[in-house]
Amino acid sequence: VAASGKAEPLKVIISGAPASGKGTQCELITQKYGLVHIAAGDLLRAEVAAASENGKLAKEYMENGELVPNEIVVMMVKERLLQPDSQQRGWLLDGYPRSSSQAAALEDYGIRPDVFILLDVSEDILVERVVGRRLDPLTGKIYHLKYSPPEDDEIASRLTQRFDDTEEKACLVKLRLRTHHQNVDAVLSVYKDITVKAC
Ligand code: ADP
């Protein structure tokens, strides 16, 4: 690398529970380092929206707050990581891996990040954040009814909740958190030497 005078593009994995602030951090990091942001959840939602075979299969799991099977997720993420833009600019991978087998799959393909960022936020704070979180479908901006309210009534009137974030599904939020915590330790053991914790 030194001889060619060209730095290798940066490869980062970020992990955090739903509403841990991952979205904001991803924006800051990708802006600062010019990385391609690859979010497993976004890739899956695109499949659901396109009503592809994978999307139809994934939807059920996503609605139940469960991990989508590896057969769907691993290839989808790997292919995105190997696209020319990711290879040239470097990448920030978000929402993957969520299990030791997903981490192992990346290792098997020789894909290893330079740093693993873990956002560590308590469960009480996370539930409050998720339940109050709203999306402006027009701009894609995320609001929180209490902590980051919309600027005016017009925006307020069009805010929506993500289908897997609604109040009736508060128990599902907890299920998603439990799933997350169950898997995070296994993932951590793979990236122990390159982990940075933040809250
Ligand atoms: P959140 O961080 O709120 O879980 P995401 O957009 O990251 O939101 O993910 C939404 C859903 O997509 C998850 O609840 C899960 O069903 C599915 N999903 C996302 N990433 C993965 C993954 N790496 N493996 C399996 N399922 C995933």
Side-chain angles (χ1 to χ4, degrees), residues 12-27 29-30 37-81 91-109 111 113 116-123 125-135 137 140-144 160-188 190-191:
V12 182
I13 295 183
I14 189 164
S15 171
S20 59
K22 211 171 49 175
T24 307
Q25 293 308 317
C26 285
E27 225 171 90
I29 294 167
T30 46
H37 181 205
I38 301 171
D42 286 350
L43 296 179
L44 284 167
R45 275 186 289 276
E47 294 286 333
V48 172
S52 67
E53 277 312 306
N54 279 346
K56 283 181 208 158
L57 287 169
K59 189 165 191 260
E60 218 171 288
Y61 293 92
M62 294 168 79
E63 283 175 346
N64 290 322
E66 291 166 11
L67 291 180
V68 174
N70 281 358
E71 292 79 65
I72 298 173
V73 178
V74 172
M75 287 309 284
M76 193 185 67
V77 168
K78 182 199 142 207
E79 277 168 20
R80 187 65 192 89
L81 288 171
W91 42 260
L92 173 68
L93 180 57
D94 159 14
Y96 184 104
R98 296 201 188 188
S99 64
S100 55
S101 58
Q102 289 186 0
L106 281 193
E107 299 275 296
D108 288 346
Y109 291 123
I111 301 173
F116 180 86
I117 302 172
L118 178 68
L119 301 177
D120 225 4
V121 183
S122 83
E123 179 157 327
I125 294 174
L126 291 174
V127 170
E128 193 193 13
R129 284 190 195 166
V130 169
V131 168
R133 186 161 64 173
R134 295 292 182 276
L135 168 75
K141 191 170 167 188
I142 299 287
Y143 292 90
H144 189 282
T160 60
Q161 278 187 299
R162 235 171 55 181
F163 76 84
D164 52 353
D165 263 10
T166 51
E167 182 112 35
E168 310 86 75
K169 295 198 174 177
C171 62
L172 274 181
V173 171
K174 289 194 176 148
L175 181 67
R176 277 157 66 199
L177 290 179
R178 210 169 311 141
T179 309
H180 172 77
H181 285 302
Q182 274 166 5
N183 289 311
V184 86
D185 287 346
V187 172
L188 265 181
V190 176
Y191 300 120

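Here the structure is a predicted model, which means the values were calculated and not measured. First listed ligand is number 1; within each ligand, the first listed atom is number 1.
Those atoms of ligand 1 that come under 4.0 Å of a heavy atom in Gly95, given as number and element, are 20 (N), 21 (C), 22 (C), 23 (N). Those atoms of ligand 1 with a heavy atom of Tyr96 less than 4.0 angstrom away are 23 (N). Of all atoms in ligand 1, numbered sequentially from 1 with element shown, those under 4.0 Å from a heavy atom of Lys22 are 2 (O). Heavy-atom proximity to Val73, at under 4.0 Å, picks out these atoms of ligand 1: 22 (C), 23 (N), 24 (N), 25 (C).
With a heavy-atom cut-off of 4.0 Å, Leu67 touches ligand 1 through backbone and side chain alike. Under 4.0 Å from ligand 1, the heavy atoms of Leu44 that appear belong solely to its side chain.
Considering backbone and side-chain atoms together, Ala40 places no N or O closer than 3.5 Å to any N or O of ligand 1. Checked against a 3.5 angstrom limit, the closest N/O atoms of Gln102 and ligand 1 fall inside it. Looking at ligand 1, you'll find an N or O of Arg98 within less than 3.5 Å of one of its N or O atoms. Considering backbone and side-chain atoms together, Glu66 places an N or O closer than 3.5 Å to an N or O of ligand 1. Between Pro97 and ligand 1, a contact under 3.5 Å exists for no N or O pair.
Not counting sequence neighbours, the partners of Glu128 by the salt bridge (charged side-chain N to carboxylate O under 4.0 Å, His left out) test are Lys146. Under the side chain to side chain contact (heavy atoms under 4.5 Å, CB included) criterion, Glu107 pairs with Arg112, Val190, Tyr191, sequence neighbours left out.
Distance alone, capped at 3.5 Å, places no donor-acceptor pair between the His37 side chain and the Leu92 backbone. With hydrogens and angles disregarded, a donor-acceptor distance shorter than 3.5 Å links the side chain of Gln102 to the backbone of Arg98. Within the 3.5 Å criterion, the main-chain N or O of Pro69 finds no donor-acceptor partner in the side chain of Tyr61. Side-chain N or O atoms of Asn54 include none that pairs as donor or acceptor with a backbone N or O of Ile72 at under 3.5 Å.
Ser20 approaches Ala17 most closely through the heavy-atom pair OG-O, 2.8 Å.
Under a 4.0 Å heavy-atom criterion, His180 is not in contact with ligand 1.
Atom CD1 of Ile14 and atom CD1 of Ile29 lie 4.5 Å apart (nearest 0.5 Å).
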